[in-house]
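Order of the sequence lines fixes the chain letters, A, B, ..., with proteins taken first and strands second; residue numbering starts at 1 for each chain. Just so you know, these numbers use all the heavy atoms, side chains as well, and skip hydrogens, waters and symmetry mates.
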There are 2 protein chains.
Amino acid sequence: MLETIGRTRLRDVVAQRIQQYIADEGLRPGDRLPTEGELATRFGVSRLSLREATKSLEFIGVLEARPGRGLTVGRMRMERITGYLGLNPALQEADPAVLIDTRVIIETGVLPHVARRMKDDPALYDGLSGINARLRDARTLQRWVTLDIEFHRSLIEASGLTPLMAFADVLAVFFQRFRESVRKAEWSGGVVAHQAILDDLRAGRVSRAETQLRTHIESHRTRIVGPAKGEPAE
Amino acid sequence: MLETIGRTRLRDVVAQRIQQYIADEGLRPGDRLPTEGELATRFGVSRLSLREATKSLEFIGVLEARPGRGLTVGRMRMERITGYLGLNPALQEADPAVLIDTRVIIETGVLPHVARRMKDDPALYDGLSGINARLRDARTLQRWVTLDIEFHRSLIEASGLTPLMAFADVLAVFFQRFRESVRKAEWSGGVVAHQAILDDLRAGRVSRAETQLRTHIESHRTRIVGPAKGEPAE
DNA sequence: GGCGGGTAGTTTATCTGACAATCTGATGGT
DNA sequence: ACCATCAGATTGTCAGATAAACTACCCGCC
């Protein structure tokens with residue numbers, strides 16, 4: 001995970017140590033940590049160096065700090081990170097084939113769970129269909145992309161497998177540029193595919209839904225990875 | 001849940017400003033930013049407060065800093081970001097059944113890719129078999145858990161789908177919470193199952209490998225969760 | 001006895017000033 | 001042209017300090 005550029009910085013070591021401390025002590029959100037001064041002494045660094053590490057962890061929600069009270073364990077928020085992604089030019093281009101393969105695994109993998117839960121909760125179908133209906137009415141690319149992301153996100157959410165949510169969100173951000181290469185003439189095909197997948201899920205035809213979803217996601221491959229290696233139109 | 005938000009911290013304002021500067025200037029990865037001293041002057045804060053913001057942005061990859069060279073726009077690599085997924089409360093608090101389901105999706109999902117790559121690179125098989133051989137010789141629970149995690153992690157790695165390495169953290173969380181449920185009497189069964197999966201992959205019998213791996217992972221369910229509450233619709 | 005207000009102590013937020021470590025570019029020598 | 005050295009620039013880390021925010025305890029009043 002870490003790139004070996006330059007020597008290891010104190011603050012990176014400290015951040016790791018703090019995370020380790022949280023894990024070792026089995027701390028939960030809201031639990032107190034030692035004070036900045038105590039941690040600095042414990043790790044043998046200045047208080048300011050300690051703060052550079054804690055501010056980093058605070059930035060993504062892992063820690064919370066309040067004057068007079070001290071440091072507590074927070075709840076890591078992936079959206080604090082993905083919020084800095086978006087259409088960020090610093091976003092490194094990820095291999096589109098890997099992104100597609102990864103999406104296929106995650107999104108087809110959750111379908112059996114979605115189908116099972118749809119049986120008990122028909123509102124899941126209604127919610128997803130509602131998003132798709134709005135997709136049908138989309139007139140701008142931005143709108144279409146936003147709703148497409150929302151549809152796929154909600155599909156994963158419908159599985160109840162929360163560990164996959166944050167990951168799917170990160171995937172979505174890196175995949176966004178490829179969504180934006182979808183031509184308007186292909187939007188309606190996407191809406192039809194979404195609906196077919198939903199209907200199959202509701203009817204308990206999971207294998208068929210998986211095949212359709214795989215095809216739907218794989219449709220990006222020809223355009224992005226396929227023979228035409230040129231830039232996306234637009 | 002309502003939170004009493006304290007006053008806006010300087011470093012959060014500065015982080016936003018820096019992000020805005022990058023966008024306004026249209027900077028790309030590798031492009032130079034003003035020095036810490038210049039930015040501190042520009043934003044009217046001390047250099048150390050400026051650093052608290054830059055270290056936070058560095059933590060998530062937006063910035064990179066090197067002595068003598070200065071601040072540059074970083075590359076927000078997906079692997080770096082997904083590397084923080086293990087800190088996600090959704091993982092720490094997930095229902096054990098959810099963790100098992102998540103593992104099944106990821107680990108069976110990568111098998112077609114592992115099998116394809118094994119064809120081109122037999123060393124993959126050798127590496128995984130080597131880990132399994134060491135598993136066979138494990139004598140302590142700690143050792144066994146460490147190697148079991150390594151085996152499953154290497155299996156995901158063998159797929160070449162590096163984003164999914166994020167789910168190595170799922171494995172760590174899983175075994176940290178349920179290590180005591182792994183009975184010594186069942187270790188040899190696990191080693192046999194691993195080997196069977198590998199042999200099937202090498203022989204191109206992907207479906208069979210998937211079934212075996214699913215069974216292998218699902219074996220935890222009875223011990224941890226109790227009687228199976230029903231398989232996903234299929 | 002209970003409640004509310006005030007204060008002291010604690011802890012984080014931010015600052016000034018300083019030195020150490022690392023990098024880059026210019027210059028000189030071969 | 002290439003390599004080595006050095007000066008200057010920039011980040012990394014520290015010590016010492018004050019300001020702002022929070023908590024707990026004590027005291028007074030009803």
Side-chain angles (χ1 to χ4, degrees), chain A residues 2-18 21-22 25 27 29-75 80 90, chain B residues 1-19 21-22 25 27 29-75:
Chain A
L2 289 178
E3 303 92 351
T4 53
I5 299 178
R7 70 170 185 149
T8 304
R9 274 71 180 269
L10 275 185
R11 63 182 177 269
D12 292 333
V13 176
V14 169
Q16 278 296 120
R17 291 273 184 83
I18 290 171
Y21 176 87
I22 292 171
E25 300 289 317
L27 301 184
D31 289 350
R32 287 267 186 85
L33 270 84
T35 65
E36 288 181 357
E38 285 163 356
L39 286 174
T41 301
R42 169 178 295 199
F43 296 139
V45 299
S46 78
R47 195 175 135 235
L48 290 203
S49 293
L50 183 280
R51 282 179 62 85
E52 288 186 2
T54 58
K55 292 321 121 188
S56 297
L57 291 172
E58 233 180 304
F59 197 67
I60 61 174
V62 170
L63 292 183
E64 290 181 6
R66 285 161 62 179
R69 178 176 172 78
L71 292 170
T72 55
V73 178
R75 301 178 66 88
R80 290 280 290 169
Chain B
M1 174 157 59
L2 288 181
E3 301 164 351
T4 305
I5 307 294
R7 72 168 184 148
T8 305
R9 272 71 180 272
L10 275 185
R11 62 182 176 269
D12 290 333
V13 176
V14 170
Q16 281 289 339
R17 291 273 184 82
I18 290 170
Q19 179 76 348
Y21 176 87
I22 292 170
E25 299 290 317
L27 301 185
D31 289 352
R32 287 265 186 87
L33 272 84
T35 65
E36 289 180 353
E38 285 164 356
L39 287 174
T41 301
R42 169 178 295 201
F43 296 140
V45 299
S46 74
R47 190 176 144 234
L48 289 202
S49 291
L50 184 279
R51 282 178 62 84
E52 288 187 3
T54 58
K55 292 322 123 188
S56 297
L57 291 175
E58 245 181 290
F59 199 66
I60 65 175
V62 171
L63 293 184
E64 291 179 7
R66 285 159 63 179
R69 177 177 174 79
L71 293 170
T72 54
V73 179
R75 299 172 187 277

Only counting residues at least two apart or in another chain, list the ones meeting side chain to side chain contact (heavy atoms under 4.5 Å, CB included) with [X].
| X | result |
| --- | --- |
| T41(A) | none |
| L10(A) | V45(A) |
| P67(A) | R9(B) |
| R42(B) | Y21(B) |

Closest nucleotide among dT12(C), dG12(D), dT14(C) to the R51(B) side chain: dG12(D)
Give each protein N/O atom lying under 3.5 Å from an N/O atom of nucleotides 8-10 of chain D, with the pair distance.
unit_1: dT10(D); atom_1: O2; unit_2: G68(B); atom_2: N; d: 2.9

Given atom [atom1] of [X] and atom [atom2] of [N], what is their separation to the nearest angstrom?
| X | N | atom1 | atom2 | result |
| --- | --- | --- | --- | --- |
| E52(B) | dT12(C) | CD | P | 12 Å |
| E64(A) | dT12(C) | CD | P | 14 Å |
| R9(A) | dC23(C) | CZ | C1' | 12 Å |
| L10(A) | dA20(C) | CG | P | 16 Å |

Lys/Arg N to Asp/Glu carboxylate O, E52(B) vs K55(A), below 4.0 Å: no
Nucleic acid contacts - residues 42-50 of chain A versus DNA chain C, non-hydrogen atoms under 4.0 Å: R47(A), L48(A)
N/O (side chain, K55(A)) to phosphate O (OP1/OP2, dT12(C)) under 4.0 Å: no
Residues forming a side-chain hydrogen bond (donor to acceptor under 3.5 Å, both in side chains) with T72(B), sequence neighbours excluded: none
Residue pairs, two or more places apart or on separate chains, that pass ring-ring contact (aromatic ring centres under 6.0 Å, His included) and touch residues 52-71 of chain A: F59(A)-Y84(A)
Salt bridge (Lys or Arg N to Asp or Glu O under 4.0 Å) partners of R47(B), counting only residues at least two apart: E36(B)
